[in-house]
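Reviewing the structure listed below.
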Amino acid sequence: MTTAPSAPARAARHCNLTEHVFQPRPAFRNRHLQTLWPGLFRRRPRPRFRREILATPDGDFLDIDWLNETGAPPVALLHGLEGGSRSPYIRGLAAALAAEQFCVAVMHFRGCGGRPNQRPRGYHSGETGDLGFFIGVLRRRFPGRRPAAVGFSLGGNVLLRYLARGDVEDSLFAAAAVSVPFDLAQAADNLQHGFARFYQWWLLRAMKRSVQKKFRAVAMPFPMPPLRAIQNFRDFDNAFTAPLHGFAGAEDYYRQCSSAGVLHRIRVPTLLIQAQDDPFTGAVDPGPLAPCVRAEFSRHGGHAGFVAGNPLSAPHYWLDRRIADFLGGQRRRLKTLPET
């Protein structure tokens, strides 16, 4: 397990780390309130997406939801575990980016667009092939307009693993990752304690429904494991994620696919937004950061919450504005650089 060092130690290790950027009202500092509020009480924007079914090279498909296709440049949005374009954080950010004249493309991971995908393999925290394929599609469809990407939670870990591959420096002009489980094993442990077990129960329920649909619709390489025996994420990853994607087990999957320890390889301007009180991830140390990676870690914010203002009368969803401002600044910087 990777635990976070003290604030002075982090500051000495990461000169590009800023702490306590987000400041909620004192009454709304509770991490579970921050996490749950947007999903339960946010008046959700209702962007009018256009759905595209994009064929993949291996005979499967990705569901892509487009918004403001006349905007430039395009921004790929990557949702979290069992999320999609209906998730409040995706809808809110999509609307905010479209208002800033970005083209938005929500890439659903395999099986998350409303129906099972056609291949036995699905998606996981370290699967970067589909993202790389989709970024290539964006580069071809928008010549001269290099895209950006934003990932939340699992989608943020996928994005960071992609950025750290070493061959993608010219693929994106900027990236942002929010509430990332940098250490997957620690995240699995965190979700087995206290109220965080509610999030694990909620997500496992959705994950079990998804695999039931998948096993009914697709010829799978092994029989359906007994779902009643799956009580936590490690159980699920041992039963499904690992055998379907070539890992020896859950611990092997967590070790190979965590983004902690690889962020020094990134060569794309990247913003990390993380709360130290995140009930999913805990206060994890992501390891050394590349000079182009800016980390904004706040004491409060929960998991993909970051609700400012007065949530009862005038809530301010800080993430939407912060990410839009960051990408806008990087877009202006891009105009001064030669396009590749």
Give the intermediate values and the outcome of side-chain hydrogen bond (donor to acceptor under 3.5 Å, both in side chains) for residues S210 and E82.
CA-CA 9 Å; S210 293; E82 293 297 300; 2.7 Å; yes
Derivation of the ring-ring contact (aromatic ring centres under 6.0 Å, His included) call for F195 and F198:
CA-CA 6 Å; F195 186 77; F198 167 77; 5.5 Å; yes
Side chain to side chain contact (heavy atoms under 4.5 Å, CB included) evaluation trace for M207 with V211
CA-CA 6 Å; M207 293 158 67; V211 296; 5.7 Å; no
Applying side chain to side chain contact (heavy atoms under 4.5 Å, CB included) to L312 and F28, what does each step give before you reach the verdict?
CA-CA 10 Å; L312 295 174; F28 284 88; 4.0 Å; yes
Checking side chain to side chain contact (heavy atoms under 4.5 Å, CB included) for the pair F182/L263: CA distance, chi angles, key distance, verdict?
CA-CA 10 Å; F182 299 107; L263 306 188; 4.0 Å; yes
Stepwise, does the side-chain hydrogen bond (donor to acceptor under 3.5 Å, both in side chains) test hold for S259 with N157?
CA-CA 6 Å; S259 56; N157 194 83; 2.8 Å; yes
Apply side chain to side chain contact (heavy atoms under 4.5 Å, CB included) to residues I135 and Y162 and explain how you reach the verdict.
CA-CA 11 Å; I135 295 300; Y162 170 77; 3.7 Å; yes
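With rounding to the nearest 0.5 Å, the separation of CG in L97 from CG in N68 is 10.0 Å. Rounded to the nearest 0.5 angstrom, T270 OG1 and I266 CD1 are separated by 4.5 Å. The line from CG of L203 to CG of N232 is 13.0 Å long, rounded to the nearest 0.5 Å. Taken to the nearest 0.5 Å, the CE atom of M107 stands 12.0 Å off from the CG atom of D65. Annotation: the span from R29 atom CZ to H300 atom NE2 amounts to 4.5 Å, rounded to 0.5 Å. Separation of atoms OG1 (T128) and CG (L159) is listed at 10.5 Å; rounding is to 0.5 Å.
K214 places no side-chain N or O within 3.5 Å of a backbone atom of Q118 that could act as its donor or acceptor partner. Of the possible donor and acceptor atoms, none in the side chain of Q276 sits under 3.5 Å from a partner among the backbone N and O of G282. The main-chain N or O of L184 is found under 3.5 Å from a side-chain atom of S258 such that the two form a donor-acceptor pair. Judged purely by atom type and a 3.5 angstrom limit, R321 has no side-chain atom pairing as donor or acceptor with the backbone of H316. For K213 (side chain) and R115 (main-chain N/O), no donor-acceptor pair under 3.5 Å exists by modelled atom type. Using modelled atom types, one side-chain atom of R197 and one backbone atom of G194 make a donor-acceptor pair closer than 3.5 Å.
A side-chain donor-acceptor contact under 3.5 Å links S153 and H303. S179 and Q274 share no side-chain donor-acceptor pair at under 3.5 Å. Counting only N and O atoms by type, the side chains of D252 and Q256 include a donor and acceptor under 3.5 Å apart. Q330 and R333 share a side-chain donor-acceptor pair at under 3.5 Å.
Looking at L327 and F102, their side chains come closer than 4.5 Å, going by heavy atoms from C-beta outward. Between L160 and L272, the closest side-chain pair of non-hydrogen atoms falls below 4.5 Å. Taking the side chain as every heavy atom from C-beta outward, Q34 and P24 approach each other to under 4.5 Å. A 4.5 Å side-chain heavy-atom check between Q212 and M224 finds at least one atom pair inside the cut-off. Taking the side chain as every heavy atom from C-beta outward, F152 and L93 approach each other to under 4.5 Å. Looking at heavy atoms from C-beta onward, R50 lies out of side-chain contact with I64 at the 4.5 angstrom threshold. Using a 4.5 Å heavy-atom threshold, the side chains of T241 and F233 count as separate. Taking the side chain as every heavy atom from C-beta outward, V150 and L78 never approach each other to under 4.5 Å.
What you find for R139 and P147 is that their closest heavy atoms are CD-CD, 3.2 Å. The two residues L289 and A295 make their nearest non-hydrogen contact at CD1-CB, 3.7 Å. Heavy-atom minimum distance, S85 versus H108: N-NE2, 3.1 Å. The shortest heavy-atom contact between P243 and N238 is CD-O, 3.3 Å. Taking both residues in full, the closest heavy atoms of V218 and P120 are given as CG1-N, 4.2 Å, listed atom of the first, atom of the second, then distance. Between L191 and P279, the closest heavy-atom pair is CD2-O, 4.2 Å.
Using a 4.0 Å cut-off between charged nitrogen and carboxylate oxygen, R42 and D320 count as a salt-bridge pair. Contact check on R110 versus D58 returns a salt bridge, with a Lys/Arg side-chain nitrogen under 4.0 Å from an Asp/Glu carboxylate oxygen. Salt bridge annotation for D63-R51: present, with a cationic side-chain nitrogen under 4.0 angstrom from a carboxylate oxygen. Under 4.0 Å is where a charged nitrogen must lie from a carboxylate oxygen, and between E127 and R121 at least one such pair does. Salt bridge status for E251 with R234: present, with a side-chain N to carboxylate O gap under 4.0 Å. With respect to E100 and R332, no salt bridge is recorded, no charged nitrogen being found less than 4.0 Å from a carboxylate O.
Hydrophobic cluster membership differs between F61 and L77, with clusters built from Ile, Leu, Val, Met, Phe, Trp and Tyr side chains linked at under 4.5 angstrom.
For the pair R322 and Y317, the cation does not sit on the ring face, since its NZ or CZ is not both under 6.0 Å from the ring centre and inside 45° of the axis.
For the pairing with V21, the side chain to side chain contact (heavy atoms under 4.5 Å, CB included) check across W318, F306, F297 returns one residue only, W318. Just one of F280, Y199, W37 meets the ring pair (Phe, Tyr, Trp, His ring centres under 6.0 Å) condition when paired with H32; it is Y199.
Within a 6.0 Å radius of CH2 in W201, other residues, nucleotides and ligands contribute more than 12 heavy atoms. No more than 12 heavy atoms of other residues, nucleotides or ligands sit less than 6.0 Å from atom CZ of R86.
Screening residues 112-146 for ring-ring contact (aromatic ring centres under 6.0 Å, His included) gives F109-Y123, H124-H245, H124-F247, H124-Y253 as the qualifying pairs, with residues at least two apart or on separate chains.
Remark: R267 pairs with E169, A290 by the side-chain contact (heavy atoms from CB on, under 4.5 Å) rule, at least two apart or across chains.
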